[in-house]
Protein chains: 2
Amino acid sequence: MYLKIDFNSDEAIYMQLRNQIIYSIATSEIQEGDNLPSVRDLADNIGINMHTVNKAYTILKQEGYLKLDRRKGAVIAIDMNKMQAMEEMREELRVTLAKAFCKNISCKEAHDIVDEIFKEFERR
Amino acid sequence: MYLKIDFNSDEAIYMQLRNQIIYSIATSEIQEGDNLPSVRDLADNIGINMHTVNKAYTILKQEGYLKLDRRKGAVIAIDMNKMQAMEEMREELRVTLAKAFCKNISCKEAHDIVDEIFKEFERR
DNA sequence: TATTTGTTATACTGTTTATATAACAAATAT
DNA sequence: ATATTTGTTATATAAACAGTATAACAAATA
């Protein structure tokens, strides 16, 4: 799995990790049942602290993407609460699309980008 | 203009302000040329500190939604950098839609919500 | 002349982020 | 059996951020 941390970003490292792991699941680079590296291995690998990785894993667990097991380690396990996910998506889109609309981006242009991104997920 | 701050939210107050002002522009509740309340008035009105409002206004200025003038106050003025806005939208959508895809939300369902939100902006 | 604007400066508190050690319990490998 | 590897938990520390509190300035207005 490819992970790249931007240490100059204003986005927290553990959030960059979280987002990239979710993206990797969406593109099927990793999938249900797969193991993630141990918190120590990944931390050493990237060059960050163990607790920063642990924070990302803990959030992914809370959000329903991971199960953490002392014997098996961190395993991808999607908790399928679609209704909740829809509501969260709606709230995020409200902000994203309000910005877009103010900047003269049309509904069609938004749709086109949605399609492009979904193609990133669906090509196998 | 209707502004509601959730003091228990994990989202910073100045970001809640920023997002709601952008949303108000998108729905044409406020528009190009309109004045926002002075930083002191709005702060008193909501019951927060002047600098928190000032931070929201400063960000809105940097992002191209406001002009700040010592004589006229804060005035809505959209800086139309559409290309930049498109790229920012694409990056935000990548995270939002990756989450959605993992939770089995289809491309069509995403499109439907985009349409619903755009209707919030376009009905007059 | 007094008030109102955005703006800037300083100071303080509390929270968050990231790091650093350390230890524990359960499982695995040697 | 022993050592190692898991996630997990507990402290501690430094830096950055969020929010508040005063205060003052320059330009414009009442």
Side-chain angles (χ1 to χ4, degrees), chain A residues 1 3-21 30 33-79 95, chain B residues 1 3-22 30 32-79 95:
Chain A
M1 180 177 44
L3 295 173
K4 188 160 192 72
I5 299 303
D6 176 4
F7 291 95
N8 297 320
S9 171
D10 49 346
E11 189 174 36
I13 295 174
Y14 76 94
M15 282 300 285
Q16 294 184 46
L17 272 180
R18 183 201 81 136
N19 290 341
Q20 290 183 40
I21 290 170
I30 47 176
D34 282 357
N35 274 265
L36 290 184
S38 80
V39 288
R40 290 171 178 83
D41 277 357
L42 184 52
D44 285 355
N45 208 304
I46 299 176
I48 59 176
N49 191 275
M50 187 203 81
H51 292 100
T52 307
V53 177
N54 191 253
K55 197 167 181 178
Y57 281 13
T58 302
I59 288 181
L60 285 166
K61 178 186 174 184
Q62 287 171 348
E63 295 180 335
Y65 295 94
L66 272 189
K67 276 187 181 165
L68 299 176
D69 192 315
R70 213 187 306 254
R71 42 190 186 280
K72 296 177 195 163
V75 180
I76 304 294
I78 309 292
D79 176 48
V95 178
Chain B
M1 182 178 43
L3 295 174
K4 187 158 193 72
I5 299 303
D6 176 4
F7 291 96
N8 297 319
S9 171
D10 50 347
E11 190 175 36
I13 294 173
Y14 75 95
M15 283 300 287
Q16 293 184 47
L17 271 179
R18 182 201 81 138
N19 290 341
Q20 290 184 41
I21 290 170
I22 291 176
I30 47 175
E32 188 88 16
D34 283 357
N35 274 264
L36 290 184
S38 80
V39 288
R40 290 170 177 83
D41 278 357
L42 184 51
D44 286 354
N45 208 304
I46 300 176
I48 58 176
N49 191 275
M50 186 202 82
H51 292 100
T52 306
V53 177
N54 191 252
K55 197 168 181 178
Y57 282 12
T58 302
I59 287 182
L60 285 166
K61 179 186 175 185
Q62 287 171 348
E63 295 180 335
Y65 296 94
L66 272 189
K67 277 186 181 165
L68 299 175
D69 193 314
R70 214 187 306 254
R71 42 190 186 280
K72 295 176 194 163
V75 180
I76 304 293
I78 310 291
D79 177 47
V95 179

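Not measured: the values here are computed from a predicted model. Here is the naming used below: chain letters follow the sequence lines, and residue numbers restart at 1 for every chain.
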Which pairs with one or both residues in residues 41-54 of chain A pass salt bridge (Lys or Arg N to Asp or Glu O under 4.0 Å), sequence neighbours excluded? none
Applied to residues 9-21 of chain A, the salt bridge (Lys or Arg N to Asp or Glu O under 4.0 Å) test, sequence neighbours excluded, yields A:Arg18-A:Glu63
Sorted by number, the residues of residues 6-13 of chain A with heavy-atom contact under 4.0 Å to DNA chain C: A:Ala12, A:Ile13
Where each residue is assigned the nucleotide of DNA chain C containing its nearest heavy atom, which of B:Thr58 and A:Tyr14 is assigned the position nearer the 5′ end? B:Thr58
dist A:Tyr57:OH -> A:Ile21:CD1 (nearest 0.5 Å) comes out at 5.5 Å
Spacing of B:Leu60 atom CG and B:Asn19 atom CG [to the nearest 0.5 Å]: 9.0 Å
Nearest whole Å is fine: how far is [N] [atom2] from [X] [atom1]?
X: A:Ile59; N: C:dT16; atom1: CD1; atom2: P; answer: 12 Å
X: A:Met50; N: C:dT17; atom1: CE; atom2: C1'; answer: 15 Å
X: A:Gln16; N: C:dA18; atom1: CD; atom2: C1'; answer: 13 Å
X: A:His51; N: C:dT16; atom1: NE2; atom2: C1'; answer: 15 Å
X: A:Tyr57; N: C:dA18; atom1: OH; atom2: C1'; answer: 17 Å

Would you say a side-chain N or O of A:Lys55 is under 4.0 Å from OP1 or OP2 of C:dT17? yes
Could you pull out all residues at least two apart from B:Asp6 that satisfy side chain to side chain contact (heavy atoms under 4.5 Å, CB included)?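 With sequence neighbours excluded, B:Asp6 shows a side chain to side chain contact (heavy atoms under 4.5 Å, CB included) to B:Asn8, B:Ser9, B:Gln16, given in chain and number order.
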For B:Thr52, enumerate each residue passing the side chain to side chain contact (heavy atoms under 4.5 Å, CB included) test, keeping only those at least two apart in sequence or located in another chain.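 With neighbours one apart ignored, the set is B:Ile13, B:Tyr14, B:Ile48, B:Asn49.
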For chain A, the stretch of DNA chain D it reaches, first to last nucleotide, under 4.0 Å of its heavy atoms: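 Range of nucleotides within reach of chain A: D:dT6 to D:dA10.
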Every stem of 3 or more Watson-Crick or G-U pairs under 3.5 Å that DNA chain D joins, in order of first number, is C:1-4 with D:27-30, C:6-24 with D:7-25, C:26-30 with D:1-5
The side chain to side chain donor-acceptor pair (under 3.5 Å) partners of A:Asn35 (sequence neighbours excluded) come to none
Can you list the residues that meet the side chain to side chain donor-acceptor pair (under 3.5 Å) rule with B:Asp34, with sequence neighbours excluded? none
Closest contact, heavy atoms only, B:Met1 versus B:Pro37: CE-CD, 4.5 Å
